[in-house]
Amino acid sequence: MTVANTKQPISLERFVLSIPGIDTIGYFAHCSGLEVDVSVYDYHEGGNNDFVHHLPGEVRYPNLILSRGLTNEDAIAKWFNATASKPELKEITITLKSGSVERKWTFADAFPVRWVGPNGDASGGIATETLEIAHSGMKAA
């Protein structure tokens, strides 16, 4: 059974990872790394001690970490294998679906750097997978 054919979401709120040409990679309950950080350079102007200029510096994006997922293992394996010798950079989209509300983020030059799972236990807990993705930043919609 492929992820595209799965009818049951893992929760009411879920993150869906899609890649053009590969389709849906999986559904995840948790996502971290949806953030951007701009470093600030303090510039002390000579002869002016009343204030300090604050100038924008480097823009940094942390890796995306998606967990508690149900993934298309064939697509992940294909993407990982292609990345092992040379990164297969893709434009990816993460969609948050919460009831009738939907938000999307698109990331440029993304490639997988870590995959774990599925992890679970014999007591009937939910098996979880984790996927970590490096990228070059969010793209404008």
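Owing to the predicted nature of the structure, the values given are computational and were not obtained by experimental measurement. Heads up: numbering here begins at 1 and tracks the sequence.
- Between I133 and V113, the shortest heavy-atom distance links the atoms N-CG2, 4.3 Å.
- Shortest non-hydrogen contact noted between L89 and D109 is CD2-O, 3.7 Å.
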Worked verdict on I65 versus C31 for side-chain contact (heavy atoms from CB on, under 4.5 Å): CA-CA 6 Å; I65 301 174; C31 178; over 6 Å; no
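- By the 4.5 Å heavy-atom criterion applied to side chains, F15 and T95 are not counted as neighbours.
- The minimum heavy-atom distance linking G33 with L64 is given by the pair O-CD2, 3.5 Å.
- No path of Ile, Leu, Val, Met, Phe, Trp and Tyr side chains, each step under 4.5 Å between heavy atoms, connects V36 with Y41, placing them in separate hydrophobic clusters.
- In this structure, the side chains of I92 and S18 stay at 4.5 Å or more apart for every pair of heavy atoms.
- Between E35 and P62, some side-chain heavy-atom pair lies under the 4.5 Å cut-off.
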Intermediate values then yes/no, side-chain contact (heavy atoms from CB on, under 4.5 Å), T93 and W105: CA-CA 6 Å; T93 301; W105 298 271; over 6 Å; no
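- Remark: aromatic rings of H30 and F28 are distant, center separation not under 6.0 Å.
- With contacts defined as side-chain heavy-atom distances shorter than 4.5 Å, the pair V16/K97 qualifies.
- Under 3.5 Å, the side chains of D42 and H53 contain no donor-acceptor pair of N or O atoms.
- Heavy atoms from other residues, nucleotides or ligands lying under 6.0 Å from CZ of R103 number 12 at most.
- You'll find the side chain of R114 reaches within 4.5 Å of the side chain of V116, heavy atoms only.
- Connection of W115 to L17 is established within a shared hydrophobic cluster, with ILVMFWY side chains joined at heavy-atom distances below 4.5 Å, either directly or through further cluster members.
- Across all their heavy atoms, I25 and A75 have their closest contact at CD1-CB, 3.6 Å.
- Aromatic rings from Y61 and H135 are positioned such that their centres are separated by under 6.0 Å.
- Counting only distance, with no hydrogens or angles, the side chain of S39 and the backbone of E58 share a donor-acceptor pair below 3.5 Å.
- The shortest distance between side-chain heavy atoms of I94 and F107 falls below 4.5 Å.
- Two residues are said to be in side-chain contact when any heavy atoms from C-beta on lie closer than 4.5 Å; I19 and T24 fail this criterion.
- In terms of heavy-atom proximity, E88 sits nearest to W79 at O-NE1, 3.0 Å.
- The shortest side-chain heavy-atom distance between T130 and L66 does not fall under the 4.5 Å cut-off.
- When hydrophobic clusters are built by joining Ile, Leu, Val, Met, Phe, Trp and Tyr residues whose side-chain heavy atoms come closer than 4.5 Å, directly or via intermediates, L131 is not grouped with F111.
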